[in-house]
Structure formats: C-alpha cells, structure tokens
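Per chain, numbering begins at 1; letters A, B, ... match sequence-line order. Values below: all heavy atoms of this structure, side chains included; hydrogens, waters and symmetry mates excluded. Everything numeric in this text was worked out from a predicted model, so none of it was measured.
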Number of protein chains: 2
Amino acid sequence: MELSNYANIFKALSNEQRLKIFLMIYEQCCKPEESQVGSKFEAKGGWCCPAAGSLEKAFTKVCDCMNLSRSTISHHFKELQNAGLIICEREGRTFRCSVNGEVVNAIKELLK
Amino acid sequence: MELSNYANIFKALSNEQRLKIFLMIYEQCCKPEESQVGSKFEAKGGWCCPAAGSLEKAFTKVCDCMNLSRSTISHHFKELQNAGLIICEREGRTFRCSVNGEVVNAIKELLK
DNA sequence: CAATTAGTTCTATGAGTATCGAATAATGCA
DNA sequence: TGCATTATTCGATACTCATAGAACTAATTG
C-alpha cells in the first residue's frame with residue numbers, strides 16, 4: 001500500500017464525527033459482545049447485529065445516534081468507504097455495512 | 001483518552017508529507033535495523049541513531065529528505081508534537097526526537 | 001401508480017489547512 | 001561581540017473540508 005493510501009485512511013479518521021461513526025460500526029461488527037452492554041454509543045431500539053461481522057441498517061442507526069444532518073452523515077459514509085475502511089451493500093432500502101479488516105490490519109502493520 | 005484526542009492523532013497523520021515525516025522518525029527510533037538498510041527514506045550522510053530510541057538532528061535530517069520549505073516542516077513537527085506522537089528536546093542548535101510509544105499503543109488498542 | 005421511506009447530490013458558506021518567503025529569534029563558535 | 005547556523009513565527013494565498021437544507025433518486029408497499 002502506498003503512503004498516500006495510508007494518509008487517506010488517517011484522513012478519514014481525522015474528523016471526530018466521522019471517527020465516531022467508524023467506531024460505532026467497528027464496535028458492532030468486530031466487538032459485538034462489548035457493544036451490547038455499556039456501549040459508548042446508543043441506538044434507538046438497540047443495535048442488533050444479525051449476521052456476524054456486519055451491521056444492518058447502518059446508515060439509519062448511525063443517524064439515530066448523532067446530531068448531524070443526513071446529508072452530512074451520507075458524506076461521512078462516503079469518505080469512510082473511499083478510504084476503504086468500511087464496505088456497504090444495499091439491502092432493500094437500507095445498507096448492510098462491515099469493516100474492511102485488511103485496511104485495519106494495514107494500519108496495525110504500519111505501526112508494528 | 002477522549003475521542004477528540006484520537007481524532008487529533010489521526011489528523012496529524014492525515015497529511016501525506018507529515019505522515020512521511022512521522023514514519024521517518026518512527027523507523028529510525030523504533031526499527032533502526034530495518035532503516036539502515038534499504039529504507040524508503042534517505043538522509044544525506046546517513047541517518048545514524050546514536051542513542052537507542054531517539055533521533056538526533058531530526059529536523060535537519062528531515063529537511064534534507066524532503067522538498068518542502070523549512071517553515072512548512074517546522075509547522076508539521078509542531079503538529080506531530082501537539083498530537084503527542086513525537087517528543088522533541090533541544091540539543092544545542094538542533095533537536096533530538098523520539099516517538100511517544102504510549103500514543104502509538106493507544107491507536108493499536110483502539111483497533112484491537 | 002401514488003405515497004412513503006431511505007439515502008444521495010447539489011449548492012452555498014464559514015472554517016480550517018498546506019504552503020511559501022521574509023523577518024525574527026536562539027544557539028554556538030571564532 | 002559579531003557571525004553563521006538552525007529553527008520559529010508571521011502574513012499571505014490558494015485550497016480543502018464540515019456542515020446544512022433543498023431538491024432529487026431509488027426501493028417498497030398499499
């Protein structure tokens with residue numbers, strides 16, 4: 001991976017609101033046990049992660065947790081996807097979202 | 001550590017030039033074996049890391065490797081220090097610089 | 001097909017960032 | 001003490017970013 005890719009990943013995580021969005025998704029997808037109890041984040045009606053490793057209705061749920069307009073949140077999702085940090089697939093009217101483990105590992109490798 | 005601290009750390013690494021500066025210092029301080037041979041970065045007259053874990057004349061050396069004005073590089077050093085990623089101490093006319101392991105570990109912990 | 005729900009795109013705006021060159025300060029040496 | 005070296009600060013500029021609201025598109029459901 002190029003230096004510029006790493007810079008883009010860090011850029012995606014450099015905004016506090018966007019970092020929060022990423023961590024919500026990360027927590028739900030990669031640490032579901034922790035997240036059900038005492039999560040730093042709260043979703044109306046609970047989070048629920050039916051398929052392991054991914055989060056259904058991710059956009060909707062994130063919107064419910066944050067004081068940002070939907071357009072801004074949409075923009076942040078795009079940035080996270082462009083950086084390769086998350087992967088979203090349409091599921092009817094909503095999105096199922098998962099974390100790209102390879103990218104997360106790349107960060108860990110860089111700082112090994 | 002607060003979410004905003006993490007965001008600041010990522011912000012410091014989000015600019016490609018600044019990331020390069022950080023990685024030069026990181027490589028010299030934390031992976032000296034690798035860096036002496038076949039480093040991605042080159043310093044006039046070699047790097048040399050007399051005291052383990054720190055890099056002498058860091059600013060000067062970084063300036064020699066990069067096509068940026070000294071004022072810009074100075075600014076980038078400040079950002080890296082403010083984020084807590086590096087620690088610089090004056091040594092005569094130059095600076096000895098080291099990586100703040102705690103902050104690096106905090107990133108790894110966040111993505112554990 | 002009409003109505004509803006979910007998310008996107010466009011446009012505007014204020015704030016922040018990267019960069020440089022010039023002026024300035026700090027340090028050590030002759 | 002004066003000079004050279006090293007780094008910082010200042011001011012300007014062009015650029016990027018975060019954000020909201022309005023208009024729009026896509027999918028589902030009655």
**OP:** Look at all strands and tell whether B:Phe95 reaches a base, only sugar-phosphate, or nothing, counting heavy atoms closer than 4.0 Å.
**Re:** sugar-phosphate

Original post:
Within the structure shown, what part of the strands sits under 4.0 Å from B:Ile73 by heavy-atom distance: base, sugar-phosphate, or nothing?
Top reply: nothing

Value in whole Å for how far the [atom2] atom of [N] lies from [atom1] of [X]:
{"X": "A:Phe59", "N": "D:dA26", "atom1": "CZ", "atom2": "P", "answer": "16 Å"}
{"X": "B:Phe77", "N": "D:dT8", "atom1": "CZ", "atom2": "P", "answer": "8 Å"}
{"X": "A:Asn82", "N": "C:dT8", "atom1": "CG", "atom2": "C1'", "answer": "14 Å"}
{"X": "A:Leu13", "N": "D:dA18", "atom1": "CG", "atom2": "C1'", "answer": "16 Å"}
{"X": "B:Glu56", "N": "D:dA7", "atom1": "CD", "atom2": "C1'", "answer": "17 Å"}
{"X": "A:Glu89", "N": "D:dA26", "atom1": "CD", "atom2": "C1'", "answer": "17 Å"}
{"X": "A:Arg90", "N": "D:dA27", "atom1": "CZ", "atom2": "C1'", "answer": "7 Å"}
{"X": "A:Asn8", "N": "D:dC17", "atom1": "CG", "atom2": "C1'", "answer": "14 Å"}

To the closest 0.5 Å, what do you measure between [atom1] ([X]) and [atom2] ([Y])?
{"X": "B:Ile87", "Y": "B:Asn100", "atom1": "CD1", "atom2": "CG", "answer": "4.0 Å"}
{"X": "B:Lys57", "Y": "B:Arg96", "atom1": "NZ", "atom2": "CZ", "answer": "10.0 Å"}
{"X": "B:His75", "Y": "B:Leu68", "atom1": "NE2", "atom2": "CG", "answer": "11.5 Å"}

Quick check on [N]: is either OP1 or OP2 less than 4.0 Å from any side-chain nitrogen or oxygen of [X]?
{"X": "B:Arg70", "N": "D:dT6", "value": "no"}
{"X": "A:His75", "N": "D:dA20", "value": "no"}
{"X": "B:Arg93", "N": "D:dA7", "value": "no"}
{"X": "A:Thr60", "N": "C:dG7", "value": "yes"}
{"X": "A:Lys57", "N": "C:dA6", "value": "no"}
{"X": "A:His76", "N": "D:dT19", "value": "yes"}

Kindly point out which of [options] is positioned nearest to the side chain of [X]?
{"X": "A:Thr94", "options": "C:dG7, D:dT19, C:dA26", "answer": "C:dG7"}
{"X": "B:Ser74", "options": "D:dA20, D:dT9, C:dG7", "answer": "D:dT9"}
{"X": "A:Lys11", "options": "D:dC17, C:dT8, C:dA26", "answer": "D:dC17"}
{"X": "A:Thr72", "options": "D:dA20, C:dG7, D:dT8", "answer": "D:dA20"}

**OP:** Please test A:Leu110 against B:Tyr26 for side-chain contact (heavy atoms from CB on, under 4.5 Å), starting from the C-alpha separation and ending with a verdict.
**Re:** CA-CA 10 Å; A:Leu110 188 71; B:Tyr26 187 75; over 6 Å; no

**OP:** Give a yes or no on whether the backbone of A:Leu3 and the side-chain of B:Lys20 come within a donor-acceptor separation of less than 3.5 Å.
**Re:** no

Original post:
Hey, is the main chain of A:His76 close enough, under 3.5 Å, to the side chain of A:Arg18 for a donor-acceptor pair?
Top reply: no

Subject >> No-H, no-angle donor-acceptor pair, B:Ser69 side chain to C:dG21 base, under 3.5 Å >> reply: no

**OP:** Using the closest heavy atom to pick a nucleotide of DNA chain D for each, name whichever of B:Lys78 or A:Glu79 lands nearer the 5' end.
**Re:** B:Lys78

